[in-house]
Number of protein chains: 2
Amino acid sequence: MAASAAAAAPWKQLLLNALDSNANFKHSTYFQLATIGSNGRPANRTVVFRGFEDGSNKIHINTDCRTCKIEEIKRFPFAEICWYFTESWEQFRINGTVDIIDGSNPDPMKLVQREKAWFGSSLRSRLQYLGPTPGLPCISEEPSQELSLDPSTGPVGAFCLLVVDPDQVDYLNLKSNERLSFTSKDNGDGGKCWISKKINP
Amino acid sequence: MAASAAAAAPWKQLLLNALDSNANFKHSTYFQLATIGSNGRPANRTVVFRGFEDGSNKIHINTDCRTCKIEEIKRFPFAEICWYFTESWEQFRINGTVDIIDGSNPDPMKLVQREKAWFGSSLRSRLQYLGPTPGLPCISEEPSQELSLDPSTGPVGAFCLLVVDPDQVDYLNLKSNERLSFTSKDNGDGGKCWISKKINP
């Protein structure tokens with residue numbers, strides 16, 4: 001089965017269905033993002049799904065520019081998402097390239113996306129980007145001082161949008177014991193053509 | 001803080017506590033294992049925790065020798081586990097080396113471990129290793145034939161035990177907003193000496 005580039009990728013509806021059937025659980029929007037660490041070893045952490053890019057199959061993640069994954073992705077811009085849905089027993093493994101959109105991005109359209117992502121996140125989430133550098137030694141025994149942020153303030157320097165552009169997806173349903181492999185090819189006009197096949201679980 | 005090699009690693013009790021406080025949920029024993037794929041890109045999938053090796057900090061995972069991760073680990077024997085506990089909001093990122101114990105392993109002690117892992121898993125789990133090769137195209141539209149296995153039959157060829165030997169652990173508690181980094185050094189007598197420090201979340 002092949003789908004046109006303009007259309008949603010054939011795995012996207014499966015993912016939207018899974019999000020829908022697991023919507024009672026906050027953690028259903030959490031997944032694990034694997035990258036290659038700066039020492040060449042695998043790195044893996046939980047991040048939050050922030051939605052699809054409008055009219056596309058690209059996946060948005062908010063992160064702090066000061067975390068290790070930014071340097072890792074700059075060196076090697078590939079990642080695999082592993083997204084397991086605990087209620088429906090479905091797993092999506094999504095492999096793709098990652099684009100980093102920080103405040104220095106030269107593309108005005110991308111800066112608009114970053115701003116949208118910023119205002120789309122809660123005030124509490126935004127405050128994290130004002131805190132001390134993640135991963136550095138914690139120097140104070142005191143709870144960190146109360147930070148405050150005006151809700152109209154735009155994205156701060158540490159705020160970064162990651163955009164994962166999938167080119168391979170492996171779907172596994174542990175209830176039906178079915179597995180599908182989705183692979184893509186560039187179709188020549190900047191889009192992708194997706195092929196799916198049923199494989200052994 | 002430093003702990004001796006013979007003692008449990010300082011992060012191990014945190015992990016046992018997390019398993020205990022999330023024990024109501026079957027998925028609390030599932031985690032994501034990231035490796036380097038054979039194309040050099042990150043690979044990431046959900047696997048099941050099968051316990052610690054007796055008297056050690058090593059983590060056991062059962063898998064099928066015919067899955068891609070075996071070839072991946074043979075080429076590059078490093079992995080990062082990302083283990084998120086959905087009830088207690090705790091995350092463990094466990095980086096280490098991976099040992100593959102299949103039926104051809106020359107070490108009799110390791111073969112005993114593999115056999116123990118086999119008999120420690122359910123009959124239903126064991127049956128999976130008799131099924132068609134995971135990841136290959138599904139050639140039959142029929143449901144696979146009923147497989148049967150004598151409960152006293154030892155490990156079949158496709159059954160493989162993975163042993164992850166952690167050398168770095170990152171612990172994050174999203175309720176208390178605390179994060180700890182645990183790193184190890186070989187202590188010269190085959191054991192490891194662990195150092196922990198508090199870092200910014």
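Numbered from 1 within each chain, the chains take letters A, B, ... in sequence-line order.
Interface residue A:Pro137: backbone and side-chain heavy atoms are both found under 4.5 Å from chain B. No part of B:Phe25 comes within reach of chain A, as not one of its non-hydrogen atoms sits under 4.5 angstrom from that chain. Proximity to chain A (any heavy atom under 4.5 Å) is restricted, for B:Tyr30, to the side chain, taken from C-beta onward. With a 4.5 angstrom heavy-atom cutoff, A:Ser181 does not touch chain B via any of its atoms. If you measure heavy-atom distances from A:Arg179 to chain B, the contacts under 4.5 Å come from the side chain alone. Only the backbone of B:Pro201 comes within less than 4.5 Å of a heavy atom of chain A; no side-chain atom from C-beta onward does. Residue B:Leu172 does not touch chain A at all, counting heavy-atom pairs closer than 4.5 Å. For A:Phe92, no part lies under 4.5 angstrom from a heavy atom of chain B.
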Notebook entry, point to check: Taking it one step at a time, do B:Ile81 and A:Gln32 satisfy side-chain contact (heavy atoms from CB on, under 4.5 Å)?
Noted result: CA-CA 10 Å; B:Ile81 288 167; A:Gln32 281 68 38; over 6 Å; no
Next item on the list: For B:Asn200 and A:Cys138, run side-chain contact (heavy atoms from CB on, under 4.5 Å): C-alpha distance rounded to whole Å, both residues' side-chain angles, the deciding distance at 0.1 Å, then the answer.
Entry: CA-CA 5 Å; B:Asn200 297 323; A:Cys138 191; 3.8 Å; yes
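With hydrogens and angles disregarded, no donor-acceptor distance shorter than 3.5 Å links the side chain of B:Asn95 to the backbone of A:Ala43. Side chain of B:Gln91 to main chain of A:Arg45: no donor-acceptor pair is present (N/O by atom type, distance under 3.5 Å, no hydrogens or angles).
The aromatic rings of A:His27 and B:His27 sit tilted, their planes meeting at an angle between 30° and 60°.
By number of non-hydrogen pairs under 4.5 angstrom with chain A, the leading residue of B:Thr67, B:Thr35, B:Ile36, B:Asp170 is B:Ile36. Residue with the most contacts toward chain B among A:Glu178, A:Glu80, A:Gln128, A:Lys197: A:Glu80 (heavy-atom pairs, distance under 4.5 Å).
A:Asn44 and B:Arg93 share no side-chain donor-acceptor pair at under 3.5 Å.
Closest approach of A:Pro42 to B:Ala79, counting heavy atoms only: CG-CA, 3.9 Å. Closest approach of A:Arg41 and B:Phe76 over heavy atoms only: CA-CE2, 4.0 Å.
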